[in-house]
Amino acid sequence: MKRSTLLTAFAVLLVAASGLQSCKSQYDIVLESTDLELKYKAAFDYFNAGKYARSAAVFESLTLLTNGTERHDTVLYYLGLSNYSFKDYYTAETNFDQYLSNYPQGSFAEEAQFLRIDCLYRSTLRYELDQTPTYTAITAMGDYLREHPEGANADILRHRMEELGERLDRKAFESAKLYYKMEDYKAARVALRNVLKDDADNVYREDILYYTAMASYKFAEMSIPSKRKERFLVFQDDYLNFIGEYPESSYRKELDGLYNKVKENY
């Protein structure tokens, strides 16, 4: 009886083990396999079927198997492309960077470089937040355009560089204008002038010059009587600089009124 019970228990374990094995999906079997051809074909099957998370996992498992072979560059590229297509841009950027480090002249190099840049671009933040990712993306775009000035993606990147450049310009402008909003007009004028000192071609130049003039006017207006005349002369200089550059500006009427008021009283 005891022996029969043991045999029965052993048989149950065998059936259970067999059941667990049979319950494994084809994907699990592929992932655990060391058969290069099986995995390589399956990875592309998953990719072509739009199952990018699975294709990424299989391509990842293929990196060791193909290392040192002619297929390795293809595996690395499609690993990145799988994660990119799955919208995991952080991982994809790392994958493409690895590809370019290993195969800077590889057959997928230019496209990998563009897709890496696209991942960096997607990681940039709105102007109010830290712009370190923006600087990183702009640097990468510049590298691409120097290497591929007539590349298939050159125009896209030129447009994106302009967009990111405008974002940085706005960041600088809004940061300086914050002093104006806080009614620290002396600091506002200094900060605004420094923006143009660092970047004379800032796309918000008209607004910067307007707020510079307004800051100098308000600072003079709030000053003690003995200081006002001298400080209103600074406003007049700022006003003349403004209208010299933007005679048709929508700000002109307001600044003209302040200028005439100063001329009448000082």
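- Remark: the backbone N or O of Pro247 is paired with a side-chain donor or acceptor of Arg252 at under 3.5 angstrom.
- From Asn153, atom CG reaches atom CG of Leu145 across 10.0 Å, with rounding to the nearest 0.5 Å.
- The ring pair (Phe, Tyr, Trp, His ring centres under 6.0 Å) test with Tyr46 singles out one residue from Phe86, Phe59, Tyr27, and that residue is Tyr27.
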Test log, rule salt bridge (Lys or Arg N to Asp or Glu O under 4.0 Å), inputs Arg167 and Glu163: CA-CA 6 Å; Arg167 189 181 304 174; Glu163 175 194 335; 3.4 Å; yes

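- Atom CG of Asn260 has more than 12 heavy atoms from other residues, nucleotides or ligands within 6.0 Å.
- Within 6.0 Å of atom NZ in Lys51, 12 or fewer heavy atoms from other residues, nucleotides or ligands are found, so the atom counts as exposed in its surroundings.
- Residues Glu254 and Tyr210 have side chains in contact (heavy-atom distance under 4.5 Å, counting atoms from C-beta outward).
- Considering all non-hydrogen atoms of both residues, Ser223 and Lys227 come closest at CB-CB, 4.1 Å.
- Under a hydrophobic clustering in which Ile, Leu, Val, Met, Phe, Trp and Tyr are joined whenever their side-chain heavy atoms come within less than 4.5 Å, directly or via other members, Tyr121 and Tyr135 fall into the same cluster.
- Each of Phe47, Tyr52, Tyr40, Tyr84 was compared with Tyr78 under the ring pair (Phe, Tyr, Trp, His ring centres under 6.0 Å) criterion, and only Phe47 meets it.
- Checking side-chain atoms of Asn265 against main-chain N and O of Lys261 turns up a donor-acceptor pair under 3.5 Å.
- Side-chain contact, Thr212 with Asp238: no donor N or O sits under 3.5 Å from an acceptor N or O.
- Between the side chain of Ser249 and the main chain of Tyr246, no donor-acceptor pair closer than 3.5 Å is present.
- Put simply, Leu62 and Leu64 are part of two different groups of oily side chains (I, L, V, M, F, W, Y) that touch within less than 4.5 Å, one to the next.
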List the steps, then state whether side-chain contact (heavy atoms from CB on, under 4.5 Å) holds for Val30 with Arg54. CA-CA 10 Å; Val30 167; Arg54 291 192 171 191; over 6 Å; no

Using salt bridge (Lys or Arg N to Asp or Glu O under 4.0 Å), reason through Asp207 and Lys177 one step at a time and then give a plain yes or no. CA-CA 10 Å; Asp207 299 277; Lys177 194 172 76 170; over 6 Å; no

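- Judged purely by atom type and a 3.5 angstrom limit, Asp97 has no side-chain atom pairing as donor or acceptor with the backbone of Glu93.
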Stepwise side-chain contact (heavy atoms from CB on, under 4.5 Å) test for Thr124 and Gln131: CA-CA 7 Å; Thr124 59; Gln131 293 303 301; 5.8 Å; no

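- In terms of hydrophobic clustering, with Ile, Leu, Val, Met, Phe, Trp and Tyr side chains grouped at heavy-atom distances under 4.5 Å, Leu79 and Leu36 are assigned to a common cluster.
- Looking only at distances, no side-chain donor or acceptor of Arg170 sits under 3.5 Å from a matching main-chain atom of Tyr127.
- With a 6.0 Å radius and a threshold of 12 heavy atoms from other residues, nucleotides or ligands, Glu128 has its CD atom above the threshold.
- Side-chain atoms of Tyr77 and Leu115, non-hydrogen and from C-beta on, do get closer than 4.5 Å to each other.
- No path of Ile, Leu, Val, Met, Phe, Trp and Tyr side chains, each step under 4.5 Å between heavy atoms, connects Leu192 with Tyr179, placing them in separate hydrophobic clusters.
- In this structure, the ring of Phe232 has its center less than 6.0 angstrom from the ring center of Tyr217.
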Stepwise salt bridge (Lys or Arg N to Asp or Glu O under 4.0 Å) test for Arg116 and Glu111: CA-CA 8 Å; Arg116 175 179 175 264; Glu111 189 62 19; over 6 Å; no

Derivation and outcome, salt bridge (Lys or Arg N to Asp or Glu O under 4.0 Å), residues Arg158 and Asp155: CA-CA 5 Å; Arg158 288 189 184 97; Asp155 287 342; 3.1 Å; yes

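- Judged by distance alone, the side chain of Lys39 and the main-chain N or O of Leu31 form a donor-acceptor pair under 3.5 Å.
- Scanning both residues, Gln113 and Tyr144, for their nearest heavy atoms gives NE2-CA, 3.5 Å.
- What you find for Ala172 and Val195 is that their closest heavy atoms are O-CG2, 3.6 Å.
- Using a 4.0 Å cut-off between a side-chain N of Lys or Arg and a carboxylate O of Asp or Glu, Asp143 and Arg146 qualify as a salt bridge.
- Heavy-atom contacts from other residues, nucleotides or ligands closer than 6.0 Å to CZ of Arg193 number 12 or fewer.
- Under the 3.5 Å distance criterion, with hydrogens and angles disregarded, a donor-acceptor pair is assigned to the side chains of Asp256 and Tyr239.
- Put simply, CG on Asp199 and CG on Leu168 are 9.0 Å apart, with the number rounded to the nearest 0.5 Å.
- No donor-acceptor distance shorter than 3.5 angstrom exists from the side chain of Ser33 to the backbone of Ile29, with no hydrogens or angles considered.
- Shortest non-hydrogen contact noted between Asp169 and Asp201 is OD2-O, 4.3 Å.
- Looking at heavy atoms from C-beta onward, Arg189 lies out of side-chain contact with Phe219 at the 4.5 angstrom threshold.
- Residues Glu221 and Arg228 have side chains not in contact (no heavy-atom distance under 4.5 Å, counting atoms from C-beta outward).
- Although no hydrogens or angles enter the test, the distance criterion places no donor-acceptor pair under 3.5 Å between the side chain of Tyr251 and the main chain of Leu209.
- Look at Lys24 and Asp28 and you find no salt bridge, because none of the NZ, NE, NH1 or NH2 atoms lies under 4.0 Å from a carboxylate O.
- Both Tyr211 and Leu240 belong to a common hydrophobic cluster when Ile, Leu, Val, Met, Phe, Trp and Tyr are linked at side-chain heavy-atom distances under 4.5 angstrom.
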Checking side-chain contact (heavy atoms from CB on, under 4.5 Å) for the pair Val203/Phe173: CA distance, chi angles, key distance, verdict? CA-CA 9 Å; Val203 297; Phe173 167 50; over 6 Å; no

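- The structure places CG of Leu65 at 10.0 Å from NE2 of His72, a figure rounded to the nearest 0.5 Å.
- Lys186 NZ to Ser216 OG: the interatomic distance, rounded to the nearest 0.5 Å, is 13.5 Å.
- You'll find the ring centres of Tyr180 and Tyr185 inside the 6.0 Å limit.
- The side-chain heavy atoms of Ile138 and Arg160, taken from C-beta on, include no pair separated by under 4.5 Å.
- Pro104 and Ala109 make their closest contact through O-CB, 3.5 Å (heavy atoms, listed as atom of the first residue, atom of the second, distance).
- Taking CG of Leu178 as the start and CE of Met182 as the end, the distance is 6.0 Å to the nearest 0.5 Å.
- Side-chain N or O atoms of Asp35 include one that pairs as donor or acceptor with a backbone N or O of Leu38 at under 3.5 Å.
- With rounding to the nearest 0.5 angstrom, the CZ atom of Arg126 is 10.0 Å from the NZ atom of Lys171.
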Determine whether Leu76 and Asn95 satisfy the following criterion, side-chain contact (heavy atoms from CB on, under 4.5 Å), listing intermediate values before the conclusion. CA-CA 7 Å; Leu76 284 181; Asn95 297 148; over 6 Å; no

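- A donor-acceptor contact shorter than 3.5 Å links the side chain of Asn48 to the backbone of Phe44.
- Nearest approach of Asp73 to Ser107, heavy atoms of both residues: OD2-OG, 3.7 Å.
- Annotation: side chain of Thr134 is not in contact with side chain of Leu125 (no heavy-atom distance under 4.5 Å).
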